[in-house]
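Data block below; observations after.
A, B, ... follow the sequence lines: proteins, then strands. Residue 1 opens every chain.
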Amino acid sequence: MPELPEVETVRTGLEMAWVGHKIVEVELRRKTLRFPFPEDMIERLQGRKIVAIRRRAKYLLVDLDNGSIWLNHLGMTGRWTYDASEYDGKHDHVMIRFEDGSVSVYNDPRRFGVMDIMVGASHKLLDHLGPEPLEDWSGVELADRIGGRKSPIKTLLLDQRTVVGIGNIYACEVLNRVQISPTRKGGDISEEECRLLVSESRKVLLEAIAAGGSTLKDFKAVDGSLGYFTHQFRVYDKEGQKCPCGGTVERFMQSGRSTFWCSSCQD
DNA sequence: CCGACAACCTGACGGC
DNA sequence: TGCCGTCAGGTTGTCG
């Protein structure tokens with residue numbers, strides 16, 4: 001489900017619902033998602049007040065009032081909702097109840113999501129992550145990182161070591177907007193093109209955040225609202241349809257993922 | 001070191 | 001109606 005704009009949309013929603021509230025009850029309906037829940041996750045959350053919710057890459061970092069951090073990743077289909085009146089959906093795996101009686105439920109059909117409690121400031125899953133595209137990224141930085149690489153630029157943009165937050169939708173959209181072929185080798189991308197990739201990536205991500213993310217099937221914000229950036233897709237999931245340039249959108253597989261692009265304007 | 005690929009899991013959809 | 005193959009917003013680990 002979530003790339004940076006979707007995670008950011010969820011973060012904003014959770015921030016409004018959770019910050020300042022104390023967790024009084026946590027219930028786990030199963031022992032694992034992608035990894036097992038930490039043994040002591042329930043005890044570490046119960047009785048804690050949430051003081052802030054941050055995002056690093058596609059991870060949500062929930063700051064607790066004792067200094068520890070509750071790490072969340074939504075995988076492909078993870079979703080938080082609040083004020084869920086029921087907690088018996090087939091894929092409702094986690095429930096947290098706050099002091100004021102409100103309830104939030106984590107639902108995740110494919111269970112690729114992750115939850116963990118960080119004790120220090122670092123975590124194995126965060127160690128290798130590249131720059132935040134909306135903060136400390138630049139054309140020079142990107143050129144540095146992909147220089148000499150033989151992998152296709154599409155694959156490199158998806159690699160969270162190159163830059164974080166970009167997934168399959170936005171990688172396709174950005175490459176179409178800058179008219180670069182997804183098959184170009186990283187090492188063959190000029191510094192000027194890197195600058196272009198950086199500025200256009202930021203633009204697309206910000207537009208998508210403003211639209212509340214992209215809803216393909218099941219993505220929804222915490223309050224249930226849909227993401228409207230889907231309507232601004234130029235190529236993603238548009239095989240056979242018209243690219244804005246007049247060409248036709250094509251699809252092929254790269255490293256196991258579908259790439260949507262237009263051979264008329266991207267080269 | 002690098003890149004392709006399978007694996008994790010459920011559900012939706014199209015073809016027969 | 002059912003069965004099978006394919007694909008889906010992500011990430012990790014393995015193999016050549």
Side-chain angles (χ1 to χ4, degrees), chain A residues 1-11 29-37 55-60 71-80 89-93 106-116 123-130 133 145-174 182-188 201 204-205 208-209 211-222 226-233 235-240 250-260:
Chain A
M1 139 163 76
E3 300 183 34
L4 187 150
E6 291 75 39
V7 178
E8 188 57 32
T9 300
V10 170
R11 191 198 66 77
R29 274 208 159 157
R30 53 180 311 117
K31 293 189 166 59
T32 72
L33 289 177
R34 180 164 174 68
F35 306 117
F37 290 109
R55 179 190 56 72
R56 170 70 174 116
K58 299 171 189 169
Y59 292 90
L60 290 165
L71 177 142
N72 269 252
H73 193 291
L74 304 172
M76 292 275 256
T77 52
R79 176 147 120 78
W80 275 106
K90 192 171 174 190
H91 303 297
D92 290 344
H93 308 308
Y106 179 75
N107 177 285
D108 187 354
R110 292 178 76 180
R111 306 203 298 272
F112 289 169
V114 174
M115 287 188 199
D116 202 1
H123 191 282
K124 187 187 163 205
L125 295 173
L126 306 181
D127 277 352
H128 63 284
L129 295 173
R145 210 154 304 228
I146 67 177
R149 298 290 300 273
K150 291 176 190 162
S151 296
I153 183 64
K154 157 82 182 323
T155 306
L156 290 167
L157 286 176
L158 282 180
D159 186 339
Q160 303 295 294
R161 286 169 294 202
T162 309
V163 62
V164 302
I166 296 179
N168 208 30
I169 293 176
Y170 299 105
C172 294
E173 291 297 314
V174 167
T183 60
R184 293 260 307 276
K185 290 181 184 18
D188 293 347
S201 296
V204 171
L205 293 171
I209 290 170
S214 299
T215 296
L216 287 190
K217 294 170 59 180
D218 46 9
F219 171 72
K220 283 183 184 139
V222 180
L226 302 175
Y228 291 99
F229 192 72
T230 322
H231 303 298
Q232 293 175 57
F233 287 175
V235 290
Y236 186 81
D237 209 17
K238 288 187 174 293
E239 183 181 16
E250 298 160 49
R251 181 175 82 106
F252 71 106
M253 296 299 265
Q254 272 182 305
S255 313
R257 315 291 302 273
S258 280
T259 295
F260 297 90

Provide the closest heavy-atom pair for Leu4(A) versus Arg55(A) in the form atom of the first, atom of the second, distance. CD1-NH1, 3.4 Å
Without decimals, in angstroms, what is the distance between Lys238(A) NZ and dC7(C) P? 20 Å
Within this structure, what is the NZ-to-C1' distance between Lys124(A) and dT12(C), rounded to whole angstrom? 8 Å
Quick check on dG3(B): is either OP1 or OP2 less than 4.0 Å from any side-chain nitrogen or oxygen of Arg149(A)? yes
With nearest nucleotide decided by heavy atoms, which residue, Thr155(A) or Phe112(A), maps closer to the 5′ end of DNA chain B? Thr155(A)
Spatial distance of atom CD1 (Ile169(A)) from atom CZ (Phe229(A)) [nearest 0.5 Å]: 9.0 Å
Taking any strand in view, what nucleotide pairs with dC9(B) in a Watson-Crick or G-U wobble way, both distances under 3.5 Å? none
Rounding to a whole Å, what distance do you find between Arg79(A):CZ and dG11(B):C1'? 16 Å
Hey, does the side chain of Lys185(A) come within less than 4.0 Å of dG3(B)'s phosphate (OP1/OP2), counting only N and O? no
Is the shortest side-chain N/O distance from Tyr59(A) to OP1 or OP2 of dG10(C) below 4.0 Å? no
Integer angstrom distance from the C1' of dA6(B) to that of dT6(C): 16 Å
Whole-angstrom distance between dG2(C) and dC9(B), as gauged at atom P: 26 Å
Given that Phe35(A) and Phe260(A) both sit by DNA chain C, which one's nearest nucleotide is further toward the 5' end? Phe260(A)
Rounding to the closest angstrom, what is the interatomic distance between dT11(C) and dC1(B) at atom P? 22 Å
In whole Å, what is the span from the CG atom of Asp108(A) to the C1' atom of dT11(C)? 13 Å
OP1 or OP2 of dG11(B) under 4.0 Å from side-chain N/O of Lys90(A): yes
Base, sugar-phosphate, or nothing for Gly167(A), non-hydrogen atoms under 4.0 angstrom? sugar-phosphate
Are Asn168(A) and Lys154(A) linked by a side-chain donor-acceptor pair shorter than 3.5 Å? yes
Integer-rounded Å distance: dA8(C) C1' and Leu158(A) CG: 14 Å
Phosphate contact (dT11(C) OP1 or OP2) by Gln160(A) side-chain N/O below 4.0 Å: yes
Answer yes or no: does a side-chain N or O of Thr77(A) lie under 4.0 Å from OP1 or OP2 of dG11(B)? no
Under the 3.5 Å rule, do the base of dC9(B) and the side chain of Arg110(A) count as making a donor-acceptor pair? yes
Tell me if the CZ atom of Arg29(A) is crowded by more than 12 foreign heavy atoms within 6.0 Å. yes
Answer yes if the side chains of Ser258(A) and Arg251(A) hold a donor-acceptor pair under 3.5 Å, and no otherwise. yes
With under 30° as parallel and over 60° as perpendicular, where do the rings of Trp80(A) and Tyr106(A) fit, or are they tilted in between? tilted
Side-chain N,O (His91(A)) to OP1/OP2 (dG11(B)) below 4.0 Å: yes
The Watson-Crick or G-U wobble partner of dA4(B), with both key distances under 3.5 Å, is dT14(C)
Could you state the atom-to-atom distance from CG of Asn168(A) to P of dC7(C) in whole Å? 13 Å
Shortest side-chain distance from Arg251(A), nucleotide among dA4(B), dA8(C), dG10(C): dA8(C)
Residue pair Thr9(A) / Gly213(A): nearest heavy atoms and the distance that separates them: OG1-N, 3.7 Å
Distance check, P atoms only: dT10(B) and dT1(C), in whole angstrom units. 24 Å
Rounded to whole Å, CZ of Arg161(A) lies from P of dC1(B) at a distance of 11 Å
Does Arg34(A) get its side chain close enough to the base of dT11(C), under 3.5 Å, for a donor-acceptor pair? yes
For dT11(C), does OP1 or OP2 lie under 4.0 Å from any side-chain N or O of His128(A)? no
Measure the distance from CG on Leu71(A) to P on dT11(C) and round it to the nearest whole Å. 12 Å
Distance below 4.0 Å between Arg111(A) side-chain N/O and dT10(B) OP1 or OP2: yes
When you check the phosphate oxygens OP1 and OP2 of dT11(C), does a side-chain N or O of Lys58(A) lie under 4.0 Å from one of them? yes
